[in-house]
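Report on the structure given below.
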Number of protein chains: 2
Amino acid sequence: MGRRSPGTPTLEEVAALAGVGRGTVSRVINNAAGVRASTRRAVQRAIAELGYVPNLAARSLAGHRADAVALVMTEPDWRLFGEPFFTEIVHAVGDALTDTPVQLLLTLVRTDAERQRLVEYARGGRVDGVLLMSVHAEDPLPDMLAKAGLPTVMLGRRSGDESVTYVDADNAGGARGAVTHLLNGGRGTIGAITGPLDMYVAQCRLRGYREALEQAGRAVRDSLVVEGDDFTEESGRRAMTELIARHPGIDAVFAASDTLAAGALSALRATGRRVPQDVAVIGFDDFHPARPAEPPLTTVRQPLGEIGRTMVRLLLEEMEDSPVAWRHVILRTELVLRESA
Amino acid sequence: MGRRSPGTPTLEEVAALAGVGRGTVSRVINNAAGVRASTRRAVQRAIAELGYVPNLAARSLAGHRADAVALVMTEPDWRLFGEPFFTEIVHAVGDALTDTPVQLLLTLVRTDAERQRLVEYARGGRVDGVLLMSVHAEDPLPDMLAKAGLPTVMLGRRSGDESVTYVDADNAGGARGAVTHLLNGGRGTIGAITGPLDMYVAQCRLRGYREALEQAGRAVRDSLVVEGDDFTEESGRRAMTELIARHPGIDAVFAASDTLAAGALSALRATGRRVPQDVAVIGFDDFHPARPAEPPLTTVRQPLGEIGRTMVRLLLEEMEDSPVAWRHVILRTELVLRESA
DNA sequence: TTGAAAGCGCTAACAC
DNA sequence: GTGTTAGCGCTTTCAA
């Protein structure tokens with residue numbers, strides 16, 4: 001496989017042609033200071049003449065770094081790729097890496113064998129750090145990477161005491177803001193459609209709902225909370241139907257995702273209720289596979305670009321410093337109104 | 001950045017612990033023949049004890065190969081990721097690589113700078129070959145890679161005399177089959193909605209339409225062919241409206257993609273025509289960003305798994321052999337009926 | 001079947 | 001400023 005073409009020029013040949021030592025050529029291609037401008041030009045001319053490109057394996061071996069990071073997607077996330085959430089994150093990560101010599105590599109992990117291969121790839125020194133897109137509590141990958149001492153940053157967290165460095169949106173705060181907005185709008189009976197509560201993100205959003213009510217001195221009624229089996233529209237529809245049955249006079253709903261909210265919307269419309277006049281609906285602008293056919297009018301917007309950039313910043317820091325303690329960043333969300341009411 | 005943890009064991013330490021030479025350890029980790037079973041076990045024990053993982057940079061440098069290939073997506077393809085087309089291809093590629101030591105790396109290329117970086121990454125020896133998902137005629141990347149002598153395989157082709165190795169579906173044949181099916185079904189007036197004809201794939205599909213009519217001894221009427229500005233539903237709708245205006249009695253349509261077909265469908269329904277009773281619609285199951293809200297009932301299905309596997313096969317062959325001439329493979333499509341009529 | 005030795009092409013430390 | 005040198009950790013002959 002892929003034997004290097006015989007004619008590939010080496011740094012040594014560049015040095016010979018330019019009439020300088022190897023060290024000088026190395027300094028030039030690495031933009032290191034301390035090279036006379038005229039010398040630098042001579043070297044660059046030789047590089048251009050020979051069509052020289054550095055051998056990255058040699059550079060890694062000698063330099064102890066790969067100048068590459070992996071962005072890992074585990075199976076359930078694949079479909080996210082087409083979603084705005086995902087592309088925004090990847091764009092942001094790519095942009096943040098643009099001015100560095102670091103190459104972004106996406107890898108897909110489906111099986112344990114692939115998990116293992118990725119860890120060996122990283123431990124083998126082909127990447128300097130790993131960005132994790134997924135937050136599945138059962139996934140052993142984050143811990144495998146952490147145990148191997150590899151700089152790792154996760155998007156979101158798996159629990160309240162996450163042990164791997166992560167960047168997360170302020171899910172509780174966002175939910176709190178959404179519900180407070182509903183309260184300020186004069187809504188009296190506010191239901192909640194949560195995601196599956198074995199996911200930390202769902203717990204946080206539910207907590208925000210509760211806190212907003214408590215802060216306003218309202219009672220938190222269990223009958224106003226329905227847990228979705230997942231984050232799909234179908235779950236949202238079912239949950240909304242249940243809420244209407246329990247509380248026919250319900251006039252607002254906070255849903256834990258945009259897809260759940262879209263499901264709620266369709267269930268409401270089916271009963272003839274007008275949105276948002278009769279019932280207001282707010283959901284998170286989220287990253288779940290099924291993009292809602294009809295998004296809710298008001299959403300809690302996550303700062304995706306900032307999340308991506310922050311992940312890169314933390315990763316680069318962990319790559320530079322010697323092993324630091326894990327850290328985390330929680331970024332504020334924003335309430336975006338697309339309704340007039 | 002990422003200095004290798006000081007404690008990382010090397011092959012030499014494994015050899016010392018196992019009481020053998022370095023060459024022997026190398027043979028063991030590479031599953032090379034000619035090592036006594038007992039020796040092999042001893043080495044494996046030492047590997048396990050030390051938690052040894054090969055340094056991939058050193059291996060690449062000495063072995064002249066990276067054991068990795070890149071699958072490149074250029075900007076317009078991003079949204080494809082969520083589409084069945086894309087995930088099927090990636091799955092197939094991943095599966096085909098499973099039993100090899102080759103790691104699959106996805107890279108996103110947006111700008112010329114990123115294009116350049118990718119080429120240097122590949123020329124630098126970090127990947128042994130490149131798989132290209134996109135077939136944009138203006139994209140200089142395929143030629144940059146070919147010029148650099150890097151094994152490269154494209155999905156689809158940019159023109160009739162493509163100079164880079166590629167794997168493509170039999171677009172003309174698929175279109176021919178679809179139109180022949182319509183003719184056999186007794187349809188008399190068959191329209192065609194093409195994609196933008198500056199794309200080779202669109203030309204091929206139009207050619208198939210023409211050939212089928214000619215083979216059946218039917219006249220090919222220009223007024224029955226409408227070119228879509230792109231592959232979107234909106235274009236399909238516009239084209240269908242135009243066709244109906246020109247030929248109110250039209251009773252079948254071949255569209256160059258599933259999205260165009262979906263657009264045609266919606267335009268037909270808007271006029272009260274029944275599908276497929278009044279008008280039959282066939283499109284290609286395609287890979288365009290906008291997934292149709294309503295797919296056509298009969299489609300030309302592309303052999304995605306086989307395309308992905310074939311791309312890998314060709315790439316691996318190009319990686320093994322010395323520079324071979326470019327080759328291509330055209331894979332048959334399949335007509336899938338989801339209608340009863 | 002195994003060990004020893006010669007690189008692979010680069011970076012970085014150290015001289016000058 | 002610039003040249004020289006000593007590795008980085010592995011694969012791969014070549015002997016034994």
Side-chain angles (χ1 to χ4, degrees), chain A residues 1-43 46-47 50-67 101 120 123-126 128, chain B residues 1-43 46-47 50-67 101 120 123-126 128:
Chain A
M1 272 188 219
R3 68 297 81 194
R4 207 168 157 85
S5 321
T8 307
T10 69
L11 177 146
E12 180 138 30
E13 299 173 45
V14 173
L17 178 59
V20 302
R22 295 176 359 187
T24 302
V25 177
S26 179
R27 281 171 206 124
V28 170
I29 63 180
N30 290 296
N31 279 316
V35 179
R36 193 180 300 145
S38 60
T39 309
R40 186 179 295 272
R41 271 196 304 277
V43 170
I47 287 175
L50 261 31
Y52 169 74
V53 173
N55 177 318
L56 265 19
R59 173 175 285 175
S60 284
L61 185 56
H64 304 283
R65 64 212 167 73
D67 280 339
E120 282 172 14
R123 285 237 289 154
R126 295 298 273 264
D128 300 317
Chain B
M1 275 189 217
R3 69 295 79 185
R4 206 167 158 83
S5 322
T8 306
T10 70
L11 176 146
E12 180 138 28
E13 300 173 45
V14 173
L17 178 59
V20 302
R22 296 174 2 187
T24 302
V25 177
S26 178
R27 282 170 207 124
V28 171
I29 61 180
N30 289 297
N31 279 316
V35 180
R36 194 179 299 145
S38 60
T39 309
R40 187 178 295 272
R41 271 196 303 278
V43 171
I47 288 174
L50 261 32
Y52 169 73
V53 173
N55 177 318
L56 265 18
R59 171 174 287 178
S60 283
L61 184 56
H64 304 284
R65 64 212 166 70
D67 280 338
E120 282 172 14
R123 286 235 292 154
R126 294 299 274 262
D128 301 316

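Naming: A, B, ... by sequence-line order, numbering from 1 per chain.
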task: Please report, rounded to the nearest Å, how far the P atom of dG9(C) is from the OH atom of Y52(A).
output: 10 Å

- request: For T39(B), answer base if it contacts any base atom (sugar-phosphate contacts may also be present), sugar-phosphate if it contacts only those atoms, and nothing otherwise; contact means non-hydrogen atoms under 4.0 Å.
  value: sugar-phosphate

Whole angstrom value for the distance that separates C1' of dG7(D) from CD of E12(A): 15 Å

query: When you measure from the side chain of T24(B), which nucleotide among dG9(C), dC10(D), dT2(C) comes out closest?
result: dT2(C)

- request: State whether N55(B) places a side-chain N or O below 4.0 Å from either non-bridging phosphate oxygen (OP1 or OP2) of dC8(D).
  value: no

query: Among the nucleotides dG9(C), dT2(C), dG7(C), which one has an atom lying closest to any side-chain atom of A62(B)?
result: dG7(C)

- request: Using whole Å, report how far CG of L61(A) lies from C1' of dG7(D).
  value: 9 Å

message: In whole Å, I'd like the distance from the CG atom of N31(A) to the P atom of dT11(C).
response: 12 Å

message: Without decimals, in angstroms, what is the distance between R65(B) CZ and dG9(D) P?
response: 19 Å

- request: Look at the side chain of R22(A) against the base of dT4(D) and say whether a donor-acceptor pair falls under 3.5 Å; ignore hydrogens and angles.
  value: no

- prompt: Quick one: which of I29(A), V25(A), T24(A) gives a side chain to side chain contact (heavy atoms under 4.5 Å, CB included) with R27(A)?
  reply: T24(A)

- line: Taken to the nearest whole Å, CZ/R59(A) to C1'/dC8(C) is 16 Å

message: With heavy-atom distances below 4.5 Å as the criterion, would you say the side chains of T10(A) and R22(A) are in contact?
response: no

query: Does the pair R123(B) and T8(A) meet the rule for a side chain to side chain donor-acceptor pair (under 3.5 Å), with working shown?
result: CA-CA 9 Å; R123(B) 286 235 292 154; T8(A) 307; over 6 Å; no

message: Rounded to whole Å, please give me the gap between CG in L56(A) and C1' in dG9(C).
response: 11 Å

message: Ignoring hydrogens and geometry beyond distance, is the side chain of R36(B) in donor-acceptor contact with the base of dT2(C) at under 3.5 Å?
response: no

- request: Kindly compute the distance separating CG (N30(B)) from CZ (R59(B)), expressed to the nearest 0.5 Å.
  value: 5.0 Å

query: Picking from dG9(D), dC10(C), dT11(D), which would you name as closest to the side chain of N30(B)?
result: dT11(D)

query: So which one's nearest nucleotide on DNA chain C is more toward 5', G23(B) or A58(A)?
result: G23(B)

- request: Please answer whether the main-chain N or O of R126(A) pairs with a side-chain N or O of R126(B) as donor and acceptor at a distance below 3.5 Å.
  value: yes

task: May I have the distance from E13(A) (atom CD) to dG9(C) (atom C1'), rounded to whole angstrom?
output: 10 Å

query: Would one find a side-chain N or O of S26(B) under 4.0 angstrom from OP1 or OP2 of dC10(D)?
result: no

task: Kindly say whether, by distance alone, the side chain of R27(A) makes a donor-acceptor pair under 3.5 Å with the base of dG3(D)?
output: yes

